[in-house]
Amino acid sequence: MTKPPCRKAKAIRKERHLQKLQEQPDKPSLSENVPVNPTPKSKCNYTKSIEDFISVTPLENAAHSLEVRLVRSSPACSQFKASFQESYQVYKRYQTTIHQDPPDKPTISQFTRFLCNSPLEPETRPDGPPCGYGSFHQQYWLDGKIIAVGVIDILPYCVSSVYLYYDPDYAFISPGVYSALREIAFTRELQGKAADLRYYYMGFYIHSCPKMRYKGQYKPSELLCPESYSWVSIEKCFSLLEHSKYCRFNCNANEGDKDSLTELGRTRVLYKRTVMPYSVYKKRRKGPNDETTVKQYSGLVGQTCAERMLLYRS
């Protein structure tokens, strides 16, 4: 009697998945326009969204329970304070194991300065998200304990991913990938309540750094051209970065920074507890001329931001 050929587990799982899809009614994708009388579609044409993958209804007899909590870190809310020590211990293990920091480096004060204190002022608007704007920790609780924490800033136009740390014992489940998908889905959720909040920022991208290559896997993504300050599809940037660590992404050589500094005198300055344009500050100031410093600052932030932010001068 001959034995049936040995089949790989991956092939068996794929077969079971296709069988389940065939047993389910057709479901349209979120980006699809559905006609009133839709024509029959192939059972396997349904494309899952991020929400389909992460918004799973917990089973009654599930072996494990995952909960994601959003807690304000600055100023610290009661939930943040109650979980501070446990969160810090996860951070300490992450830094010493994943980044090979010496045990005495990730202290409580260093952790607080790095990921808890924030210059952002908390703000709540009628047309904004219910949680408000500011700095938060998104905690991942598995079976009643913290296994990962995503540090994020919620701003009027975006969710900015600041940092992620996790318990090294759970590195096998790729917390970085999962947290990024959760944060993208969270951004989409917030956009439903605040229409202007529609971008997800993953921070700096260094093509020559292997640890940062993962950021290019989330699409569609864009990188900021360092010369024209325009956004360019990341796929167009890869080939350029392969040849040079620094390069201009914008192919139009004649296109410059549309927000370059044009009027230095309009730069806003905070001097002796008074807000004033640089043109006024320049006349009132006594001492060495600091126009070079102010001009350098204004050139870096651009005309618009120079007129909106405050440059402190003593």
Side-chain angles (χ1 to χ4, degrees), residues 71-77 80-81 84 87-88 91 95 99 101-102 104-125 128-129 131-137 151-163 165 196-197 199 201-206 223-231 246 256-314:
V71 297
R72 185 179 287 278
S73 56
S74 180
C77 68
F80 179 83
K81 293 177 181 178
F84 179 85
S87 182
Y88 163 66
Y91 168 76
Q95 292 297 128
H99 291 289
D101 283 356
D104 59 340
K105 183 178 179 180
T107 62
I108 288 182
S109 59
Q110 185 268 342
F111 169 65
T112 303
R113 288 195 308 272
F114 181 33
L115 297 174
C116 303
N117 294 342
S118 171
L120 298 180
E121 291 289 337
E123 183 179 353
T124 302
R125 300 179 186 175
C131 60
Y133 301 110
S135 298
F136 298 83
H137 281 197
V151 182
I152 61 174
D153 289 334
I154 301 178
L155 305 169
Y157 296 99
C158 72
V159 170
S160 177
S161 180
V162 178
Y163 201 72
Y165 56 93
D196 289 339
L197 203 163
Y199 296 108
Y201 287 169
M202 300 188 77
F204 288 109
Y205 176 80
I206 302 175
L223 293 180
L224 186 68
C225 176
E227 295 183 6
S228 67
Y229 293 95
S230 57
W231 293 96
Y246 175 86
D257 180 10
K258 296 178 181 178
D259 195 39
S260 60
L261 182 66
T262 55
E263 296 183 63
L264 181 63
R266 295 176 64 87
T267 296
R268 297 180 76 200
V269 175
L270 178 62
Y271 178 60
K272 292 186 176 181
R273 299 186 179 182
T274 305
V275 177
M276 64 188 72
Y278 176 70
S279 57
V280 175
Y281 158 79
K282 188 177 180 180
K283 295 176 182 177
R284 294 186 182 181
R285 174 181 169 81
K286 296 179 180 179
N289 187 307
D290 60 353
E291 182 172 330
T292 301
T293 302
V294 178
K295 191 172 183 178
Q296 182 183 31
Y297 155 80
S298 303
L300 288 171
V301 302
Q303 188 69 45
T304 302
C305 287
E307 295 181 27
R308 292 171 57 186
M309 301 192 301
L310 295 177
L311 174 63
Y312 173 76
R313 306 308 292 166
S314 59

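The shown structure was predicted, so the numbers you read here are calculated from the model rather than taken from an experiment.
The main-chain N or O of Leu115 is found under 3.5 Å from a side-chain atom of His137 such that the two form a donor-acceptor pair. Here the side chain of Arg268 pairs no donor or acceptor atom with the backbone of Leu310 at under 3.5 angstrom.
In this structure, Tyr165 and Tyr163 have tilted ring planes: the angle between them lies in the 30° to 60° band. Taking the six-membered ring where the residue is Trp, Tyr88 and Tyr91 present tilted rings, their angle falling between 30° and 60°.
In this structure, CG in Asp104 is found 11.0 Å from CD in Gln110, a value given to the nearest 0.5 Å. Ser314 OG to Leu270 CG: the interatomic distance, rounded to the nearest 0.5 Å, is 10.5 Å. For the atom pair CZ of Phe114 and OG1 of Thr107, the computed distance is 12.5 Å after rounding to the nearest 0.5 Å. Atom NZ of Lys272 is separated from atom CZ of Arg284 by 9.5 Å, given to the nearest 0.5 angstrom. In this structure, NZ in Lys282 is found 11.5 Å from OG1 in Thr267, a value given to the nearest 0.5 Å. Between the CG atom in Leu197 and the OH atom in Tyr133 there is a gap of 6.0 Å [rounded to 0.5 Å].
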Practice task
Kindly determine whether Arg313 and Thr293 satisfy side-chain contact (heavy atoms from CB on, under 4.5 Å), including the steps that lead there.
Solution key: CA-CA 11 Å; Arg313 306 308 292 166; Thr293 302; 4.2 Å; yes

Exercise for the section: Take Tyr281 and Asp290 through the test side-chain hydrogen bond (donor to acceptor under 3.5 Å, both in side chains) and record every step on the way to the result. Expected result: CA-CA 11 Å; Tyr281 158 79; Asp290 60 353; 2.6 Å; yes

Practice task
List the steps and the verdict of side-chain contact (heavy atoms from CB on, under 4.5 Å) for Tyr278 and Ser298.
Solution key: CA-CA 10 Å; Tyr278 176 70; Ser298 303; over 6 Å; no

Exercise for the section: Please test Tyr229 against Ser260 for side-chain contact (heavy atoms from CB on, under 4.5 Å), starting from the C-alpha separation and ending with a verdict. Expected result: CA-CA 10 Å; Tyr229 293 95; Ser260 60; over 6 Å; no

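In terms of heavy-atom proximity, Asp259 sits nearest to Cys305 at OD2-N, 4.4 Å. Residues Pro156 and Arg125 come closest through the heavy atom pair CG-NH2, 4.0 Å.
Enclosure of atom OH in Tyr246 by more than 12 non-hydrogen atoms of other residues, nucleotides or ligands within 6.0 angstrom is indicated. No more than 12 heavy atoms of other residues, nucleotides or ligands shown are found within 6.0 angstrom of OH on Tyr157.
Contact check for Leu264 versus Glu291: side-chain heavy atoms found under the 4.5 Å cut-off. When side chains are defined from C-beta on, Gln303 counts as touching Arg266, because their heavy atoms get closer than 4.5 Å. Contact check for Ser87 versus Phe111: side-chain heavy atoms found under the 4.5 Å cut-off. Put simply, the side chain of Val280 does not reach to within 4.5 Å of the side chain of Tyr271, judged on heavy atoms. At a threshold of 4.5 Å between non-hydrogen side-chain atoms, the residues Ser118 and Ser73 do not count as touching. Pro106 places none of its side-chain heavy atoms less than 4.5 Å from the side chain of His99.
If you run side chain to side chain contact (heavy atoms under 4.5 Å, CB included) between Ser135 and each of Asp153, Ile154, Leu155, only Asp153 comes through.
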